[in-house]
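As the structure is a computational prediction, the values presented were derived from the model and not from experiment. Worth knowing before you read on, the calculation uses all heavy atoms, side chains too, and leaves out hydrogens, waters and symmetry mates. First the proteins, then the strands, lettered A, B, ... as listed; each starts at 1.
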Protein chains: 2
Amino acid sequence: MTETTIQMTGTLEPRDSWTADACPMAHALDVVRNRSAFLVLREAFYGATRFEEFAARTGLSEPVTATRLRELTGAGLLEREPYQEPGQRTRRLYRLTEKGSDLLPAIVALMQWGDKWVLPGGARVEVRHHDCGAAVRAELRCEHGHAVGRDELELARR
Amino acid sequence: MTETTIQMTGTLEPRDSWTADACPMAHALDVVRNRSAFLVLREAFYGATRFEEFAARTGLSEPVTATRLRELTGAGLLEREPYQEPGQRTRRLYRLTEKGSDLLPAIVALMQWGDKWVLPGGARVEVRHHDCGAAVRAELRCEHGHAVGRDELELARR
DNA sequence: CCGTATCCACAACGATACTG
DNA sequence: CAGTATCGTTGTGGATACGG
């Protein structure tokens, strides 16, 4: 098993390139390909479960909402669960799977980037730790517990 | 200043919805709208600086590469810097700005999600802490230093 | 209430050819 | 080497109307 290690500040030789099918981020973007998929997932994180909730809160049209829900369900990020309240007809609700909720760090990271760099008036959303109320951030940290800055990264492929 | 607090597990009333222009994540996705923009940024993180490097390593066509570089430069995520080696003609290179490199947590989060959920053979990319060699992960952590799990989140808008 | 079917407009992207 | 111009194909998404 060969392994190449590259410092972030360095440059790569062409032979170090990877094609699209070897890049995990490209694969992630193949599943959550478009803006509307992110919006649907955002609302799932916020607790939306029913079709109309997704359509209304994302601002997407119903056809687009239906397509994204179908795709995300097919990709295993959402699951469709039939449930029945006594005396009511059957309903279906969409819930995040573990695969779907595992995207939360990416979504929070995008949110905080938008807060910082795009929205003029500062943060319009806050994510807080339920236990202590402190603000939550997506950050890079190594397994030894060190916070990792941009200049302290090393990239390795194998 | 009104503020609503929602537990992740709960549901939102329709009036709690925000429109697209109030969502920081949607704004982030307006800037990094498409897959190719992420790929270009990925290569910038990996150290690419020249036009041909971006085109070759992302696998994008030259016109698309040129468009993305122009857009990302215009949005302030990359900066174009002319430089001149003695005796050579002027070249231009693209470098990440702070705004651009601030997207690193989101990119690493997408990479590790792809590693875990999409790629069959396990991780094909590793990000490590240069100081200690330990693997780096994008994770949610509150300002008191607690690691924050999926069920310990509270969302607040104001 | 929960979607689907159809249609249309525009954005994204690759291929090819060409310029400073 | 570093792009631009043009073209054709596919993807994305809204509008409208309709069905279970």
Side-chain angles (χ1 to χ4, degrees), chain A residues 11 13-14 17 19-21 23 26 29-44 48-75 78-85 87-95, chain B residues 11 13-14 17 19-21 23 26 29-44 48-75 78-85 87-95:
Chain A
T11 55
E13 294 306 310
S17 304
T19 53
D21 53 288
C23 174
L29 293 172
D30 282 338
V31 176
V32 190
R33 179 174 288 275
N34 40 40
R35 182 188 143 104
S36 51
F38 276 101
L39 297 181
V40 167
L41 286 175
R42 180 197 70 191
E43 290 307 330
T49 57
R50 300 199 321 279
F51 179 85
E52 201 204 21
E53 290 178 311
F54 285 103
R57 294 181 195 171
T58 57
L60 297 170
S61 66
E62 287 164 347
V64 173
T65 303
T67 304
R68 290 296 94 77
L69 286 172
R70 195 180 334 111
E71 289 169 353
L72 291 171
T73 302
L78 297 175
E79 56 190 1
R80 226 192 311 234
E81 191 174 333
Y83 77 102
Q84 189 150 17
E85 293 175 357
Q88 303 284 330
R89 65 184 175 85
T90 306
R91 294 169 180 275
R92 290 189 291 185
L93 53 82
Y94 298 86
R95 280 198 319 189
Chain B
T11 55
E13 294 306 310
S17 304
T19 52
D21 52 289
C23 173
L29 293 172
D30 281 338
V31 177
V32 191
R33 177 175 289 275
N34 41 39
R35 181 187 141 106
S36 51
F38 276 101
L39 297 180
V40 167
L41 286 175
R42 179 196 72 190
E43 290 306 328
T49 57
R50 300 197 323 278
F51 180 85
E52 201 205 19
E53 289 178 312
F54 285 104
R57 295 180 194 172
T58 57
L60 297 170
S61 66
E62 286 164 348
V64 173
T65 303
T67 304
R68 290 295 95 77
L69 286 171
R70 196 180 331 111
E71 288 169 354
L72 290 171
T73 302
L78 296 175
E79 56 190 0
R80 226 195 308 235
E81 192 174 333
Y83 77 104
Q84 189 152 17
E85 293 175 357
Q88 303 284 330
R89 64 185 175 86
T90 305
R91 294 169 179 274
R92 292 190 290 185
L93 53 83
Y94 297 88
R95 280 199 319 188

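B:Glu53 places a side-chain N or O within donor-acceptor distance of the main-chain N or O of B:Arg50, the cut-off being under 3.5 Å. Under the 3.5 Å distance criterion, the side-chain polar atoms of A:Arg35 are left unmatched by any main-chain donor or acceptor of B:Arg33. Between the side chain of A:Arg95 and the backbone N or O of A:Thr49 there is no donor-acceptor pair closer than 3.5 Å.
Using a 3.5 Å distance cut-off with no hydrogens or angles, the side chains of B:Arg68 and B:Ser36 do pair a donor with an acceptor.
For the pair A:Asn34 and D:dG13, the criterion of a side-chain N or O lying under 4.0 Å from OP1 or OP2 is met. Contact annotation: B:Arg35 side-chain N/O to D:dG11 OP1/OP2 distance is not under 4.0 Å. Between C:dC13 and B:Arg68, a contact under 4.0 Å exists linking OP1 or OP2 to a side-chain N or O. Contact between the side-chain N/O atoms of B:Arg33 and the OP1/OP2 oxygens of C:dA11 is not found at any separation under 4.0 Å. Residue A:Ser61 places no side-chain N or O under 4.0 Å from the OP1 or OP2 atom of D:dA15. A sub-4.0 Å separation between OP1 or OP2 of C:dC2 and a side-chain N or O of A:Arg50 is present.
Among the atoms of the strands shown, none is found under 4.0 Å from any heavy atom of A:Thr65. Within 4.0 Å (heavy atoms only), A:Tyr94 reaches sugar-phosphate atoms of the nucleic acid but no base atom. Residue B:Thr67 is classed as having no contact, given no heavy-atom separation below 4.0 Å to the nucleic acid. The residue B:Glu62 sits close to a base: some heavy atom pair falls under 4.0 Å. As judged by a 4.0 angstrom heavy-atom cut-off over every strand, B:Leu60 is placed among residues touching the sugar-phosphate backbone only.
Among C:dA5, D:dG3, C:dC2, the nucleotide with an atom closest to any side-chain atom of B:Ala66 is D:dG3. Picking from D:dG13, C:dC2, D:dT4 the nucleotide with the shortest atom distance to the side chain of A:Glu52 gives C:dC2.
For B:Leu93 and D:dA2, the CG to P distance is 10 Å, given to the nearest whole Å. For B:Leu78 and D:dA2, the CG to P distance is 15 Å, given to the nearest whole Å. If you measure from atom CD of B:Glu71 to atom C1' of C:dC13, you get 12 Å, rounded to the nearest angstrom. A straight line from CG of B:Leu39 to P of C:dA12 spans 14 Å, rounded to a whole angstrom. Atom CZ in A:Arg80 sits roughly 15 Å away from atom C1' in C:dC1 (whole-Å rounding). For B:Arg70 and C:dC13, the CZ to P distance is 13 Å, given to the nearest whole Å. Protein atom CG of B:Leu29 is 13 Å distant from nucleotide atom P of C:dA12, rounded to whole Å.
In this structure, A:Phe54 and A:Leu69 have side chains that are in contact, with non-hydrogen atoms separated by less than 4.5 Å.
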